[in-house]
Asker: 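I have a structure I would like to understand better, so I am pasting it below and will then ask my questions one at a time.
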Amino acid sequence: MDFNMKKLASDAGIFFTRAVQFTEEKFGQAEKTELDAHFENLLARADSTKNWTEKILRQTEVLLQPNPSARVEEFLYEKLDRKVPSRVTNGELLAQYMAEAASELGPTTPYGKTLIKVAEAEKRLGAAERDFIHTASINFLTPLRNFLEGDWKTISKERRLLQNRRLDLDACKARLKKAKAAEAKAALWNDEVDKSEQELRVAQTEFDRQAEVTRLLLEGISSTHVNHLRCLHEFVESQTTYYAQCYRHMLDLQKQLGSSQGAIFPGTFVGTTEPASPPLSSTSPTTTAATMPVEPSAAGLAPPAEAALCLEEVAPPASGTRKARVLYDYEAADSSELALLADELITVYSLPGMDPDWLIGERGNKKGKVPVTYLELLS
């Protein structure tokens with residue numbers, strides 16, 4: 001009991017001494033041991049890494065889960081070390097509503113059939129989103145959290161210890177200075193000087209040891225950057241794969257709707273506007289094919305009626321022509337096609353019975369078939 005009381009009194013005395021030293025430093029009444037420039041740079045880099053890691057982590061969480069209530073729920077599950085319940089994505093929920101609407105409104109009607117097709121595409125989009133969120137969480141969010149909750153906490157703990165060791169060291173320096181001043185005035189040997197010098201040597205040793213430990217941890221931030229760089233590459237890869245899947249699913253849906261639209265509204269213009277910028281590409285073999293512009297093959301896509309089409313005899317319809325901007329260069333496969341250059345403007349139109357993946361394009365006195373996926377249709 002007496003030992004515990006003495007320890008508490010000693011701890012209280014040390015805390016009071018540090019508080020006095022810290023306060024006097026703030027008011028410029030005490031000297032402060034300064035760290036070298038290299039050490040200060042390591043501290044600044046560590047603080048910057050921590051702050052930006054927190055910001056990137058939080059915003060990535062918002063990107064993957066925009067619903068704040070859902071994020072709070074997931075956070076609580078993680079803190080309780082319980083499995084986060086699986087959620088239906090917005091795309092899957094939309095697919096469910098569309099499928100139910102088709103069932104009630106008539107699955108064999110043109111509207112019902114289209115609802116079913118769109119619902120299937122939305123379901124695939126939702127599944128792709130779920131895979132992306134899962135992959136990004138494991139390969140990107142988890143390493144960032146591990147740094148903040150593991151390495152950074154260790155660095156912070158050792159920095160606090162270093163701060164305490166420095167305060168103790170400077171307090172010892174101040175006591176020794178006062179003891180020597182008192183000794184000089186008394187003109188006799190003062191035992192307080194010996195005691196202060198011994199305390200200073202101990203404090204200096206503990207400070208140097210703690211400074212070395214903290215420095216090694218701070219230099220480890222370089223390894224943290226390398227690890228975060230690798231995780232960032234994996235995040236980009238998973239995001240590229242996700243958008244490539246979305247592009248492929250929507251392109252398939254576009255083709256299905258184009259075919260059904262031509263059957264329901266014969267003679268109408270078929271085709272939709274492609275995005276103004278080219279699709280994302282990836283070095284991954286599984287995503288490259290999905291992200292490149294789809295170049296329809298001349299064999300197998302054109303119906304017999306179109307194969308026999310004589311371009312010289314083709315005349316644009318009285319209505320239904322539109323201007324289109326070319327998105328990518330396209331090299332004509334044969335004389336029936338029109339070669340394209342990116343960013344040029346051409347006139348396009350559809351003819352009854354044409355494959356929905358193709359349009360007739362005109363540039364001056366030249367005309368020929370052009371693939372829809374290489375065009376941005378202008379209003």
Side-chain angles (χ1 to χ4, degrees), residues 64-67 70 85-135 241-275 279-280 286-287 289-297 299-307 317 319-320 322 324 348-360 369 371-377 379:
L64 299 180
Q65 178 51 268
N67 188 331
S86 179
R87 283 193 179 85
V88 177
T89 64
N90 291 327
E92 291 171 326
L93 187 59
L94 177 59
Q96 177 183 335
Y97 290 164
M98 286 184 170
E100 292 174 355
S103 177
E104 185 171 332
L105 299 176
T108 59
T109 63
Y111 182 42
K113 290 180 179 178
T114 303
L115 278 172
I116 292 174
K117 291 179 180 179
V118 177
E120 291 173 350
E122 293 296 336
K123 186 176 180 179
R124 290 193 291 268
L125 291 176
E129 180 184 3
R130 184 192 303 281
D131 292 341
F132 166 57
I133 293 174
H134 178 70
T135 304
T241 300
Y242 167 58
Y243 285 120
Q245 290 174 337
C246 292
Y247 177 77
R248 186 176 65 250
H249 294 326
M250 294 311 296
L251 192 63
D252 291 342
L253 177 62
Q254 180 191 53
K255 292 178 180 178
Q256 294 179 41
L257 296 185
S259 301
S260 61
Q261 184 180 1
I264 299 169
F265 308 108
T268 59
F269 187 86
V270 179
T272 57
T273 303
E274 286 288 312
L280 294 173
T286 59
T287 60
T291 58
M292 293 300 292
V294 177
E295 183 173 333
S297 172
L301 287 182
E306 187 179 344
S319 61
R322 295 177 67 175
V348 294
Y349 51 88
S350 177
L351 297 176
M354 279 192 67
D355 188 287
D357 289 333
W358 297 84
L359 296 171
I360 299 298
K369 297 184 298 179
V372 173
T373 53
Y374 279 66
L375 305 174
E376 176 188 3
L377 303 177
S379 57

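Residues: numbered from 1 along the sequence shown.
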Asker: Could you grab the distance from atom CG of L359 to atom CZ of R322, nearest 0.5 Å is fine?
Answerer: 9.5 Å
Asker: If you round to the nearest 0.5 Å, how far is NZ of K123 from CE of M98?
Answerer: 14.5 Å
Asker: Is the Y242 ring parallel, tilted or perpendicular to the F132 ring (thresholds 30°, 60°)?
Answerer: parallel
Asker: Taking atom types as modelled, is there a side-chain donor on Q96 or E100 under 3.5 Å from an acceptor on the other?
Answerer: yes
Asker: Drop me the distance from D131's CG to T241's OG1, to the nearest 0.5 angstrom.
Answerer: 10.5 Å
Asker: Indicate yes or no: at least one non-hydrogen side-chain atom of M250 is less than 4.5 angstrom from one of Q254.
Answerer: no
Asker: How about E129 and L125: do any of their side-chain heavy atoms sit closer than 4.5 Å?
Answerer: no
Asker: When you measure from the side chain of T114 to the backbone N and O of P110, does any donor-acceptor pair fall under 3.5 Å?
Answerer: yes
Asker: Taking all non-hydrogen atoms of both residues into account, name the closest pair between E92 and G126 and its distance.
Answerer: CG-CA, 3.8 Å
Asker: Taking all non-hydrogen atoms of both residues, which atom of A119 and which atom of A95 are closest, and how far apart?
Answerer: O-CB, 3.1 Å
Asker: For E120 and R124, what are the C-alpha separation, side-chain angles and deciding distance, and is it a side-chain contact (heavy atoms from CB on, under 4.5 Å)?
Answerer: CA-CA 6 Å; E120 291 173 350; R124 290 193 291 268; 4.0 Å; yes
Asker: To check you understand the geometry: which heavy-atom pair defines the closest contact between G112 and A102, and what is its length?
Answerer: O-CB, 3.5 Å
Asker: Side chains of E122 and L253, heavy atoms from C-beta outward: is any pair under 4.5 Å?
Answerer: no
Asker: Can you find a heavy atom in the side chain of P356 that is under 4.5 Å from one in the side chain of V372?
Answerer: no
Asker: If I take atom CD from residue E104 and atom CG from residue L115, how far apart are they, to the nearest 0.5 angstrom?
Answerer: 11.5 Å
Asker: Going from OH on Y111 to CD1 on I116, what distance comes out if it is rounded to the nearest 0.5 angstrom?
Answerer: 11.5 Å
Asker: So, do K369 and D355 sit near enough that their side-chain heavy atoms are less than 4.5 Å apart?
Answerer: no
Asker: Are more than 12 heavy atoms, taken from residues, nucleotides or ligands other than N67, located less than 6.0 Å from that residue's CG atom?
Answerer: yes
